[in-house]
Amino acid sequence: MSIVDTAKQAAQGLLQSAMEKLVPLAPDSWIPGGVPDPLIARKHGLIGKPVSRLDGALKVSGGAHFSAEHRFDGMVYASLAYSTIARGRIVAIDSAEAQAAPGVVLVMTHHNAPRMAAPALFGSSPTAVGASDLPILQDDRIHWNGQPVACILAETQEQADHAVSLLRVTYAPEPATTTLEGAKANGIEPGVFMGGPLENTIGDAEGAFASAAHKVDHTYRTPRHNHNPIEPHAATLAWIGDELVIHDASQMVSQQAQTIGEVFGLKPEQVHLTSPYVGGGFGSKGLWDHQIIAAAAARLSGRPVRIALSREGVYRIVGGRTLTEQRVAIGACADGTFQALIHTGLTVITPHNAMPEPFILGTQSAYAAPNLLLKVEATRMDLLTNTFMRAPGEAVGTFALESAIDEMAVELGIDPVELRIRNEPEKDPTSGLPFSSRHIVEAWRQGAARFGWDQRSPVPGARQEGEWRTGMGCATGTYPYYRMPGAEARITLTRDGDTVRAKVEVAAAEMGMGTATTTAIVAAERLGLPIEAIEVGYGDSAIPGAIMAGGSQQTAAIGAAVIAAHTALVDELLALAGNDSPLAGLSADEVGSDEGGLAKLDEPGRRESYASILARAQRDSVTATKAGSAPLELMHWSMHSYSAVFCEVRVNAVTGETRVSRVLGAFDCGRILNPKTATSQFRGGIIMGLGMALMEETMVDDRSGRIMNPSLAEYHLPVHLDVPEIDVIWTDIADPHTPMGAHGIGEIGITGVAAAVANAVYNATGKRVRDLPITLDRLI
Amino acid sequence: MSLIVNGTAVPAPADARVSLLDHLRETLHLTGTKKGCNQGACGACTVLVEGERILSCLALAVQYDGRQVTTVEGLAQDGALHPLQAAFVEHDGFQCGYCTPGQICSAIGMAAEAQRGVPSYLSDDLSADTTLTRAEIQERMSGNLCRCGAYNGIIDAIQATIAPKVPA
Amino acid sequence: MTPFDYARAGEVAEALRHGTAPGAAYLGGGTNLVDLMREGIARPDRLIDVTGLSTTIEERADGGLLIGAGVRNTALAEHPAVRQRYPMLARAILAGASAQIRNMATVGGNLLQRTRCFYFYDVDGARCNKREPGSGCDAQDGFNRIHAVLGASDACVATHPSDMCVALAALDATVHVAGPQGSRSLPFTDLHRLPGDRPDQDTVLAAGELITAVELAPLSFGANATYRKMRDRASYAFALISVAAAVEMDGDRIADLRIAFGGVAHKPWRATKAEAALRGGPATQQAFLDAAAAEFADARPLRDNAFKPALAGRALAAVLGALTTGDVA
């Protein structure tokens, strides 16, 4: 890093810290969300009504084309060879046989790959999304077991795959750190996440814990996980002139185009990346080696390329969630009030990335405790880079924290729901900020009543029918409200006679969250048009701005950008309306959109339709593009989604098999925009949590650093029969400080679930399992 | 050699290595049938061969010479979605949509199996007529993974359409 | 996948003519072989499609069944005689894989499916004596939760993955084989080998030999039988442990019984010691557990699979408890 960069970062850091001091003190009205979004007050529109996915018919009939389903004339197929050592050098690659194999167009290795810059590491700039900053096929170094060492292009996939099997690669292995013990011996460092230290110290937690009347203090372990979207990572791409056209599977469309462009020394407009359909992502559908290798091979061969990773290939080069070892210690008074809360531990990263699993994030605002010690430390292993996976931090952090809360409830003889409510904080315990909207107690009360929590016996093992013991458990889930900067929206109104249609374009990604449909709902309300008149454009790097389907913030980012673009559009329309309009003389903040036109807010009769404004101005269309406001609200309030998760399990007394028989999630996530797709988001997260609780584990052989179950047959995901009917309810209380009153809902679902299952298993059996997954051998 | 795909005769591939799945996707450009694992572990590639559900990734296309293959593209009748397809939309039986064609083809095959009395591992009485309870459907559909977790909606869609046609 | 020729055999003799050539392999439903070829574990240069041969199930006059090797798994499981007289077999089949795979897989192919050992599957990155004789075994000291506790060797600790075969081992089935040297029959329990120092050989079949049928002898108490499978999720997973059992009671004593275990060894494990311990004795939980202990007395657990003997014993006790009291699904 240069001195200039360091100085820039220091200056940014100063500005950032000044903002962090000032923004909390600013009046609400100065802050985005200080004045409630008018849509919150609208109760009669589409918001809150169940709307089926607008892309549904295409998806159920096979008409939605995913990344590996586009074609270019003259396209060839790529196949990758992966290293079999964890660290060392490539001594030789004998490719003679592969070169000569039928159909082979190109064998590309570090010897002949074009010179490329290393991808910019995620977070190193606003648009940098490299999972690691290792150079790709640029030298003979091996950094992990599974690293791509060669790419073969051939006329068919069969030919390419076969040719790869004919490569002979010779390595000179070097000592590699592939055991956790070895990594710890090498050293432990403070965890740093998104530029900030993962540490909070309030009061003297260890001292208060030592003198507490009641204590629990345990270590919880979570293994590595993989995202396993059913669509394997793929790209179909071509160089057309000096432009690189990529049909990709991406949850960060514009940023990915930008980062790829930098790798090849291109101007931003020279990369056109589209990704209208993504077959699941969960954090994994970003920039990995395969897009860059395919683009390089396409350039070298002069042929368009399809690269569709095998399932094993996905495991070899697309990282997952790393492992954690977490200590949670709670000291409490007899009445249940927490005196000390300690949540510390270790996570594993690699020498080439910066993503410690931030498992304390949820704990930072969870419970009132006068003494807090939260800290994540990291150690490094020579493995495939780890990355974000659904609710990074909270998914595994809540397992430890919420298991420990349950253990404390047992210790105190207090109902675990009650114990949580007794420790409900009035303001954020670590930041001191007021909560923007926190109604978790309502969620607990509503959830407990609906689930029948009062039927639970506090005595473990009290319910058995035949071989099956039944137990109930619960846990709090939490995930922050984020809104990343950089989002823009472009709204175009088009007139055809008296009919006006709107196109709303956002550089967003749709992986099935329902974003496109929800955006259409919100845009229809915002513009006062029927949803049939709305077209949503997304998944295309040609759209201005940069929005990421990550951090459960996309709907908020889109929402704020559409608010801004709508205001700009109203300005534009008022200018077009001129002096002959009933709206003449009004400013943008005096009018709103309603019933296909603009109306004065406090005098709705004073109005004019879009069609009339455009017709008089002799315009067929009008466009406004605008970026959303800076997300200062995040520094002004403590903003989160919350859930109360209830779970009933049956554990077989003979075999130790666990079956989840009931789940209820009671969510406090602001206003729910589309109950149909929101329900699926919540359930989907919960099901991934069930998998994490009971069966999921990426098995890395610590002798070789190699993933040994790179397969959907041996990495177990929940199947139909593992998943009961999942009941989902929500408080539906709008957050007055967010666009539409909504919170993110994509990641909250998985949080708390593993603890709820583990706590239910304890209630069923009296056995406390602190290491995931809870497989049958841990229960017999 | 030829296969009949959605009613149309198409040549079998010259390269015997080509799976039925790759033949559909890469040669015939019928990309509705999905590749999720290419090793028989996810069900995304499920198609119907003479009404019976199979995994097209483990099927060599040459093995299906002369056979009638139906893919998700062949389910709609006269431009209208198959009732199960419509029910998937109504019940939100998918999110990303990638496993969806396999789920739909699998469910149609499952209903035919249940109709002719094929029992499942869950059936208490192996010789009794099949009743497609929720659990029975879940067991019989367990070969189709959905990572988005749309399982509830999928079962709802099946129960709302094809399951009631199976005699109880 | 290595290039290969494909030919469909119209009759057994034709299949044998092609199948005896070096590099040839018989192809059934493809559910295992195609995967193994794609992984580079199997590299035949000629495939003889035998799915059109031996596709019938014949009722024998003595009450037994002759099952063609080309019969699909689903067809076997749904056959009325199997459902009524050999429910253990129907349940074992239905416990395996997924419906789609059962619709494709043949009986002969099911017998010949290969282990799911992680190291066997990792052609590029792991040593495996079964895949590459003499290369070593990375499973011995690696991930071996799914591996064998009985009959393993220093060379190989893999398990046989089939559910159906566990039932066939319990049912005293006979395997009919055609080969270049003529036809022969052998007891099902002799088909699969223990690994010894040749784990590359899963079965005793000679090169070019083709399984043509599996025959089930009549079993008077075959209807009082079941198959129970324990795995890491509720469905569509290979067995950690499975138990096939059939019992005939004489008053409160066990007159006769059949027991086999899956997930414990390189072959479907007929539990002759446990059967001997229980035959003629009382049907008590203690007796069941003692019998299992006898069967697993020589168990050699590995790093991750020490739970298997206990789980097998508990499962056996539960299964026999149900079968001896008539309380079985």
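Since this is a predicted model, take the numbers as computed values, not measurements. Chain naming here is simple, since letters A, B, ... match the order of the sequence lines and numbering starts at 1 in each.
No other option in A:R683, A:Q157, A:M513, A:M511 has as many heavy-atom pairs under 4.5 Å with chain B as A:R683. For the set A:P232, A:G685, A:A57, A:G63, the entry with the most heavy-atom pairs within less than 4.5 Å of chain B is A:P232. Highest contact tally toward chain B, considering only A:E510, A:R71, A:H65, is held by A:R71 [criterion: heavy-atom pairs under 4.5 Å]. Per-residue heavy-atom pair counts under 4.5 Å with chain A were compared for B:T100, B:L145, B:I137, and the maximum is reached by B:L145. Of all the listed residues (A:G749, A:A234, A:P718, A:G281), the one sharing the greatest number of non-hydrogen pairs under 4.5 Å with chain B is A:P718. Chain B forms more heavy-atom pairs under 4.5 Å with one residue of A:P229, A:S711, A:G514 than with any other, namely A:S711.
A donor atom on one side chain and an acceptor atom on the other are found under 3.5 Å apart for A:N226 and A:T698. Side-chain atoms of A:S680 and B:Q95 include no donor-acceptor pair closer than 3.5 Å. Defined by atom type and a distance below 3.5 Å, a donor-acceptor pair is missing between the side-chain atoms of B:E139 and B:S120. Between the side chains of A:S79 and A:D161, a donor-acceptor pair is found at a separation under 3.5 Å.
Contact of A:S310 with chain B is not made at all, since no heavy-atom distance falls under 4.5 Å. Contacts between A:P724 and chain B at a heavy-atom distance below 4.5 Å involve the backbone alone (N, CA, C, O). The contact between A:I687 and chain B is made entirely by side chain atoms (from C-beta outward), counting heavy-atom distances below 4.5 Å. Heavy atoms closer than 4.5 Å to chain B are found nowhere in A:T679, neither backbone nor side chain. Neither the backbone nor the side chain of A:A308 has a heavy atom closer than 4.5 Å to any heavy atom of chain B. A:E714 does not touch chain B: none of its heavy atoms, backbone or side chain, sits under 4.5 Å away. Proximity to chain B (any heavy atom under 4.5 Å) is shown, for A:A713, by both the backbone and the side chain. With a threshold of 4.5 angstrom between heavy atoms, A:H227 approaches chain B through N, CA, C or O but not through any side-chain atom. At a 4.5 Å heavy-atom cutoff, the contact between B:I154 and chain A is made by side-chain atoms alone. With a 4.5 angstrom heavy-atom cutoff, A:V278 touches chain B only via backbone atoms. In this structure, chain B has heavy atoms under 4.5 Å from both the backbone and the side chain of A:Q681. Contacts of A:Y715 with chain B are made by side-chain atoms alone, with heavy-atom separations under 4.5 Å and no backbone atom involved.
Side chain of A:Q554 to backbone of A:A508: no donor-acceptor contact under 3.5 angstrom is found.
Pairs of residues two or more places apart, or lying in two chains, that qualify as ring-ring contact (aromatic ring centres under 6.0 Å, His included) and include a residue from residues 103-159 of chain B are A:H720-B:Y151.
Remark: B:D125 pairs with B:S127, B:A128 by the side chain to side chain contact (heavy atoms under 4.5 Å, CB included) rule, at least two apart or across chains.
Among residues 20-54 of chain B, the residues having any heavy atom closer than 4.5 Å to a heavy atom of chain A are, in sequence order, B:D22, B:R25, B:E26, B:H29, B:T31, B:G32, B:K34, B:K35, B:G36, B:C37, B:Q39, B:A41, B:C42, B:A44. Contact annotation for residues 59-80 of chain B against chain A (heavy-atom separation below 4.5 Å, listed by residue number): B:V72, B:E73.
Taking the six-membered ring where the residue is Trp, A:F66 and B:Y98 present perpendicular rings, their angle passing 60° and hence far from 30°.
Between A:E231 and B:R147, none of the side-chain N atoms (NZ, or NE/NH1/NH2) sits under 4.0 Å from a carboxylate O, so this pair counts as no salt bridge. Between A:R53 and B:D92 there is a salt bridge, since at least one side-chain N of the basic residue sits less than 4.0 Å from a carboxylate O of the acidic one.
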